[in-house]
Novice: 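Dropping the structure in here first, questions after.
First the proteins, then the strands, lettered A, B, ... as listed; each starts at 1. All values below come from the heavy atoms of this structure, side chains included, with hydrogens, waters and symmetry mates left out. All of these numbers come straight from a predicted model, not from anything done at the bench.
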Number of protein chains: 2
Amino acid sequence: MEPKYLNEFDATMHMIQGKWKIMIMYELAETDERRFGELQHHIKDVSHKTLTNQLRELENDGLITRHDFKTAEPHVEYRLSENGKSLFPILDAICNWGDTHIDHKLIERSLCDE
Amino acid sequence: MEPKYLNEFDATMHMIQGKWKIMIMYELAETDERRFGELQHHIKDVSHKTLTNQLRELENDGLITRHDFKTAEPHVEYRLSENGKSLFPILDAICNWGDTHIDHKLIERSLCDE
DNA sequence: CCGTATCCCGGCCGATACTG
DNA sequence: CAGTATCGGCCGGGATACGG
């Protein structure tokens, strides 16, 4: 296995950067588990394909788990893993820093102040 | 001024993501101030142009300051701003999370364990 | 010593369409 | 309902060269 990241910062950043990843994780934090369609409905403007990609990456990085019920009508549920949950203090800190240091007019919708 | 970021997380992430930004900031944190050439020398593998870009972005986002001595021989110094310094608890948290949750074999050189 | 311009490549992500 | 494939645009960032 060869080094893939410059340092710990680089490695962690790769796991949380992605346009919708944080919103997916916050959504799962609030509701415990979500089906694919529910995520797509609650996360405004994300495309079908991109949501799939971000979910795959989160899953491959061990931040969420995926449960396929394998029924005739497709039914898949996503949840946060323990690793994923351990990231929340950092995610909250990032949101709060933005809230206090960045002009609110530049921000579409508040995420961390809910 | 129109909204530019999805939320506070998105906004903060834009300010700290960039392949070399964190290394620049850690370098400035250790040495208080650095000239352009010193940064380039201490940050292995960064290209001239890319270092310039990252410094400009950090400056435009108010995380560092730039002082041009305007002498015959060019002489420019970079420092952390107060805003920049206020990010360090978060940067450290990100590094430490990576240190404890990511396989060390994937990481080239430790950054936060110095 | 420091900055800027140009060219180029790879990756993210959106639109769309097709599958079971 | 959930996933996959293809196409295309945009942007970060590396190589290189030139300018003050």
Novice: Regarding A:Tyr78, tell me which of base, sugar-phosphate or nothing describes its non-hydrogen contacts under 4.0 Å with the strands shown.
Specialist: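 Sugar-phosphate only.
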Novice: Where each residue is assigned the nucleotide of DNA chain C containing its nearest heavy atom, which of A:Asp45 and A:Pro74 is assigned the position nearer the 5′ end?
Specialist: A:Asp45
Novice: Closer than 3.5 angstrom, by distance alone: can the side chain of B:Asp61 be matched with the main-chain N or O of B:Leu63 as a donor-acceptor pair?
Specialist: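 Answer holds: no.
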Novice: Nearest nucleotide by nearest heavy atom, which residue falls closer to the 5' end of DNA chain D, A:Leu55 or B:Gln17?
Specialist: A:Leu55
Novice: Considering only side-chain heavy atoms of A:Ser47, which listed nucleotide, C:dG14, C:dG20, C:dA5, is closest?
Specialist: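 Nearest listed nucleotide: C:dG14.
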Novice: Are OP1 or OP2 of C:dC2 and a side-chain N or O of B:Arg66 less than 4.0 angstrom apart?
Specialist: no
Novice: Which whole-number value in Å describes the distance from A:Leu51 CG to C:dC12 P?
Specialist: 16 Å
Novice: Suppose we screen for salt bridge (charged side-chain N to carboxylate O under 4.0 Å, His left out). Which residues come up paired with A:Asp45, at least two apart in sequence or across chains?
Specialist: none
Novice: At how many degrees, to 10°, do the end axes of the helix from C:dC1-D:dG20 to C:dG20-D:dC1 meet when each uses five pairs?
Specialist: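 The angle separating the two end axes equals 30°.
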Novice: Distance check needed: C:dC13 P versus A:Arg56 CZ, whole Å only.
Specialist: 15 Å
Novice: Measure the distance from CD1 on A:Ile16 to P on C:dC12 and round it to the nearest whole Å.
Specialist: 15 Å
Novice: Taking only side-chain nitrogens and oxygens of B:Arg35, does any of them come within less than 4.0 Å of OP1 or OP2 of C:dC1?
Specialist: no
Novice: Evaluate the side-chain proximity of A:Asp10 to B:Ile22: yes if any heavy-atom separation is below 4.5 Å, no if none is.
Specialist: no
Novice: Rounded off to whole Å, could you give me the NE2-to-C1' distance for the A:His75 and C:dG20 pair?
Specialist: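 Rounding to the nearest Å, NE2 of A:His75 and C1' of C:dG20 are 17 Å apart.
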Novice: Between A:His48 and B:Glu38, who's closer to the 5' end of DNA chain C by nearest nucleotide?
Specialist: B:Glu38
Novice: In whole angstroms, how far is the P atom of C:dG3 from the CZ atom of B:Phe69?
Specialist: 13 Å
Novice: Tell me if a side-chain donor or acceptor on B:Thr12 pairs with a main-chain N or O of B:Glu8 at a distance below 3.5 Å.
Specialist: yes
Novice: Applying side chain to side chain donor-acceptor pair (under 3.5 Å) to B:Asp92 and B:Tyr26, what does each step give before you reach the verdict?
Specialist: CA-CA 10 Å; B:Asp92 289 339; B:Tyr26 272 20; 2.7 Å; yes
Novice: Which nucleotide of DNA chain D is the first, and which the last, in the 5' to 3' direction, to come under 4.0 Å of a heavy atom belonging to chain B?
Specialist: D:dG13 to D:dG20
